[in-house]
**Student:** 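The structure under discussion is supplied below as structure tokens; questions concerning it will follow.
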Amino acid sequence: MEEDNKNKHIHLTRRSFFSTMGMGAATVVASNNLAAWASEENKVMDPTEPTKITLKINGQTHRILVEPRWSLLFVLREHLGLSAAKTGCERGECGACTVLIDNVPRYACMTLAVEAQGTEIVTLEGLMKGEELGHVQQAFLEQDAFQCGYCTPGQIMAADGLLRSNPKPTDGEIRKGMSGNLCRCGAYHNIFQAVNRAVELKGGG
Amino acid sequence: MKQDEKGVYYAKDIFVTETPEPGKDPKPWGKTAVIGKSQSRIDAYERVSGTAVYPSDLSLPNMLYGAILRCPHPHAIIKKVDTSRANKMPGVLAIISAATSEADIYWSYSKDVKTKLFDPHCRFEGETIAAVAAQTPYQASDALRSIQVDYQILPYIVDEQNALESGATKVHEGGNLVKPEETYFRGDIEKGFAQADVVLEESYRTECQVHTPMEPHGCVAYWDGDLLVIHESTQGVYSVQSNVAQTLGLPLSKVRVIGHYMGGGFGSKLVAGKYTVITALLAKRTGRPVKLFLTREETYLCTGNRPPANMTLKAGVKKDGTLTALDFSVTGTGGAYPAGGTALVDWLIKDLYTCPNVSTKATDVYINTGPARPFRAPGHPQGAWALEQMMDALAEAVGIDPVQLRLKNIPSYSQAREGNPPYTTTGLKDCLEQGAQAFRWNERKKEIEGFNSSKHLRRGVGMASCLWIAGGGGPPSTIILKLFSDGSVNLNMGASDIGTGTKTVMAMVVAEELNVRTEMIQIEHADTGTTQYATPSGGSKTVPTETPAVRSAAINIKQQLLQMAADDLKTQVSTLHFNGDEIVAKNDNSIKIKISEISGLKKRGVVVGIGYRGPNPEGKVVNPFAAQFCEVEVNTKTGEVRIIDFLGANDSGRVMDRLTYDNQVYGGITMGIGFAMTEVRILDSNDTGKMLNRNWHDYKLPTALDMPPHMESLPIDLPDTEANITGAKGLGEPVTIPTAAAIANAVYHATGVRIRKTPLNPTQLSMIFSEHLKEK
Ligand code: FES
Ligand code: FES
């Protein structure tokens, strides 16, 4: 089931996926993780009742107290100091908040922190090898694949996620894979080149 | 009326200190080692590693979160605000509104129009009513929802095309005309039309475009004693400082604004917002840092836009392509307060092509929407939409190629400015000729005719050109460079890097002049507490404004080092020259000293060089020019337009960093594609007067899937040695001006149907195409 779902994400463009899923609560309720988790506990959570959860982020385990209504994005940025994932819309429209959840690019603003328990979360910080840039980051640097840089962490995570599932994407697949991430500065041209460059770097590294 | 580019973004009549002294300008660079090459950004690592801290990333100890309650109606009077329930909610630490002491603060919507910060008369949807500071943003928004407001809902007007009709709701007591119609004349318009062989007249409209930078507007503010510190997402820390100081009655020295990184502005972050002041007030009340960033929805309502433009253009041309007359009018709106609703829309009509007889008229009206803010090349893409489609139509009517028609009408001086001052350089001819050649304009026009034989998928090519009224930059700017004893350099400037690569270009200038590697340069910037005065980064003027000051500062350092070296070597300065990391005698290589060995430098620890931006050449105009070419494929059944190829040819003077230069070109075209194809603010003028598409789902920006498969940037590398001592002109705005018109011209070439209104989306096009088929 989990596996099927993943494949579905990959085959749909991420933009169309989120459009068809609708907004806010609908997405949350439809998420398998939460459905499974809620039925285990067999209760409706009070949205403001502080709740202890465990998140696995960039290989590290964090035990924290959250309100069930808090988004993963809010927890990452404002509680764990992981501010690379950005806030652009907080409603699943822009991709600035993209992180990998079990290797799949997901909007952290549309994911509740409680819902992310039991998954492997990777943020931009997690792509670093110590102080060294990961391949996709290096490729973005070389190709000048950004201007203001605000969408960039999300773009890099989307690209990284794309290459995890499809290590040699075609131009069309790159466009589809990156279509869930807006860039108002319009750096797409260079972003496509960066994804291609990342393929090279990964091959070489 | 005199329109002057200096009024567009920065201050006039400021006394300017100059270095080097007037008349002692250094020679233009000859062969360059660094400038003009592709240099990846000096802050790229920070940006791709996630370590760059944007204002919205900032977290401070004890920080609270602010949120603003906004008027849900386009026009209403606030009768009562009841915050009693909200005040008691968990986590809520402060609420301010018209009922608290902050009510007496006034906000300047323009030089002449002030209203209360929480004005009970709300003239647009999104006007501020109250604000909350709470422990989490969730609690803050809960509290907003619990504030009870009694509204007296008033009739509204949100369609600028009806705003002057009798009986239209008045936005202000004096009526809906912002100011008397602005008119401009030269020559004799009637005589001009009489001389023409062909006269065409058309109406055009461009829709309202909203900036929506990726980082929302906002700041983190706190008080350190009586010093207010603001980390704002802004294009200009000094303008935010003066806005805030003025509004709160504080000395400038007591307002420190910092904006190292920022996530896009495009003109909407040139000044402070009410949100900035409100954040400061909440921080004051609570004695804690407050973070307040707008929601995406709010950014659609109250942080500006490119106003809609309703235009008519009548044009006369002789058979040989000589333009004889242009008669233009535009109606637009800056929203509910004076905000330049028609500013500069007529500029290209007046100034781009040689034409002796020109008349323009601009009518700016109030409607009940959020005030406009400058948007990347204010007025120009709108005017280009009309003028460049008209040029295309005139070319066809007289049987001349559109590129040739433009080449025939290139002026060497500015016709619209008093005294007709010449341009320092105009590369428009090169943009057109070299652009056409690189695009294979003539060949592709022919090839396409073959492709198009009787299919519903039709291809076409189109082009358009432009100038940008500003882009020459100018004073004031001050730069301080510190050369340390190991030869590394600290560069201190007030300007923001809004994503154009400002910091990188400045480092390249230092590297070029002082022979230091860019890795050895550290930049301090955009902080009113520690860096020099700078005008906001906008108007495509940052590179031409700041680079000459940086070069001056570097030369200043060189002069000091030469003097110190001369002292050490017991010789005259005039016998020495700079050679990499040494100073060497001109006629004897063996007499030399390493820079790090100069005793004066060792003693002092640093050498400080100061550079000021001198004035632009007297009696001349510095403008960038551009031409764009594109190919499209139109599906006449569905109304879909696929953009296949784009080429941007730009004369922006000397190319500084080729990498960021090309990036700007692609980005400008991308934004122009949005303006042409998808972006439109939809207002419910019938029932509620509210904006219906205040999010990125319904207001569509170009995505990865909308990009042309091929894009090309063709720099016309033409150093403008008269303009300033680096030879650079601005780039960020001309790159987006002609895009929409070029696409419309290509659609016409493909289909024979002229689309006079944006957006060129399938909804509009399929309707127009089916009408067109019926007519046939
Ligand atoms: S912030 Fe999550 S999609 Fe925009
Ligand atoms: S780089 Fe500015 S939004 Fe993408």
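Chain A is the first sequence line, chain B the second, and so forth, proteins listed ahead of strands; every chain is numbered from 1.
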**Student:** Does anything in residues 133-146 of chain A pair up under salt bridge (Lys or Arg N to Asp or Glu O under 4.0 Å), and if so which pairs, sequence neighbours excluded?
**Tutor:** A/Glu142-A/Arg197, A/Asp144-B/Arg41
**Student:** Which residue is it: B/Ile669, B/Asp706, B/Ile673, B/Thr739? I am looking for the one with a side chain to side chain contact (heavy atoms under 4.5 Å, CB included) to B/Ile643.
**Tutor:**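 Output: one option passes, namely B/Ile673.
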**Student:** Quick check on A/Ile156 against chain B: is it the side chain, the backbone, both or neither that has a heavy atom closer than 4.5 Å?
**Tutor:**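 Only the side chain of A/Ile156 comes within 4.5 Å of chain B.
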**Student:** May I ask you to name which of B/Glu46, B/Met63, B/Glu297 has the most heavy-atom pairs under 4.5 Å with chain A?
**Tutor:**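 Answer, by heavy-atom pair count under 4.5 Å with chain A: B/Glu297.
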**Student:** Determine which pairs satisfy ring pair (Phe, Tyr, Trp, His ring centres under 6.0 Å) with at least one residue from residues 138-169 of chain A, sequence neighbours left out, and list them in order.
**Tutor:** A/Tyr150-B/Tyr54
**Student:** Could you tell me which non-hydrogen atom of B/Met508 sits nearest to which non-hydrogen atom of B/Asp657, and how far apart they are?
**Tutor:**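 Of all heavy-atom pairs spanning B/Met508 and B/Asp657, the closest is SD-CB, 3.5 Å.
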**Student:** Is a side-chain donor-acceptor pair under 3.5 Å present for A/Glu78 with B/Tyr65?
**Tutor:**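 Yes - a donor-acceptor pair under 3.5 Å links their side chains.
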**Student:** Can you say whether B/Asp497 sits under 4.5 Å from chain A via the side chain, the backbone, both, or neither, judging by heavy atoms?
**Tutor:** neither
**Student:** Look at A/Lys86, A/Met128, A/Gln155 and state which one has the largest set of heavy-atom pairs under 4.5 Å with chain B.
**Tutor:**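 It is A/Lys86.
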**Student:** Does any backbone or side-chain atom of B/Thr51 lie under 4.5 Å from a heavy atom of chain A? Answer side chain, backbone, both or neither.
**Tutor:**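 Contact with chain A is absent: no heavy atom of B/Thr51 under 4.5 Å.
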**Student:** With a 4.0 Å cut-off on N to O distance, would you call A/Arg164 and A/Asp160 a salt bridge?
**Tutor:**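 Salt bridge: yes.
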**Student:** On a heavy-atom basis, which atom in A/Val136 and which in A/Ala159 lie closest, and how many Å separate them?
**Tutor:** CG1-CB, 3.8 Å
**Student:** Anything under 30° is parallel, anything over 60° is perpendicular, the rest tilted; go ahead and classify A/Tyr188 against A/Phe192.
**Tutor:**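 Judged by the thresholds at 30° and 60°, the geometry between A/Tyr188 and A/Phe192 is parallel.
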**Student:** For chain A, which of B/Pro702, B/Pro213, B/Pro90, B/Ser38 has the most heavy-atom pairs under 4.5 Å?
**Tutor:**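 The option with the most such pairs is B/Pro702.
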**Student:** Between B/Thr295 and chain A, which part of the residue has a heavy atom less than 4.5 Å away: side chain, backbone, both or neither?
**Tutor:**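 Neither part, no heavy atoms under 4.5 Å.
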**Student:** Let me know if A/Glu90 has heavy atoms under 4.5 Å from chain B in its side chain, its backbone, both or neither.
**Tutor:** neither
**Student:** Among the options B/Gln139, B/Met711, B/Met214, pick out the one with the most heavy-atom pairs lying under 4.5 Å from chain A.
**Tutor:** B/Met214
**Student:** Have A/Asn103 and A/Ser165 got a donor and an acceptor in their side chains that come within less than 3.5 Å?
**Tutor:**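 Absent: no donor and acceptor within the cut-off.
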**Student:** Can you tell which part of B/Met262 gets under 4.5 Å to a heavy atom of chain A, answering side chain, backbone, both or neither?
**Tutor:**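 The backbone, not the side chain.
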**Student:** Chain A: which of B/Gly501, B/Ala44, B/Gly668 shares the most heavy-atom pairs with it under 4.5 Å?
**Tutor:**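 Among B/Gly501, B/Ala44, B/Gly668, the one with the most close pairs to chain A is B/Ala44.
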**Student:** If you count heavy-atom pairs under 4.5 Å with chain A, which of B/Leu659, B/Leu701, B/Thr670, B/Asn663 comes out on top?
**Tutor:**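 Heavy-atom pair counts peak at B/Asn663.
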**Student:** Give a yes-or-no answer on whether the side chains of B/Thr303 and B/His211 include a donor-acceptor pair shorter than 3.5 Å.
**Tutor:** no
**Student:** Most heavy-atom pairs under 4.5 angstrom with chain A, which of B/Pro709, B/Gly50, B/Ala704?
**Tutor:** B/Ala704
**Student:** Return the option, out of A/Cys89, A/Cys148, A/Gly186, A/Pro47, with the maximum number of heavy-atom pairs under 4.5 Å with chain B.
**Tutor:**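 Option with the greatest count: A/Cys148.
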**Student:** Answer with side chain, backbone, both or neither: which region of B/Ser59 has an atom nearer than 4.5 Å to a non-hydrogen atom of chain A?
**Tutor:** side chain
**Student:** Would you mind telling me which of A/Cys183, A/Gly149, A/Gly172 has the largest number of heavy-atom pairs within less than 4.5 Å of chain B?
**Tutor:**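 The option with the most such pairs is A/Gly149.
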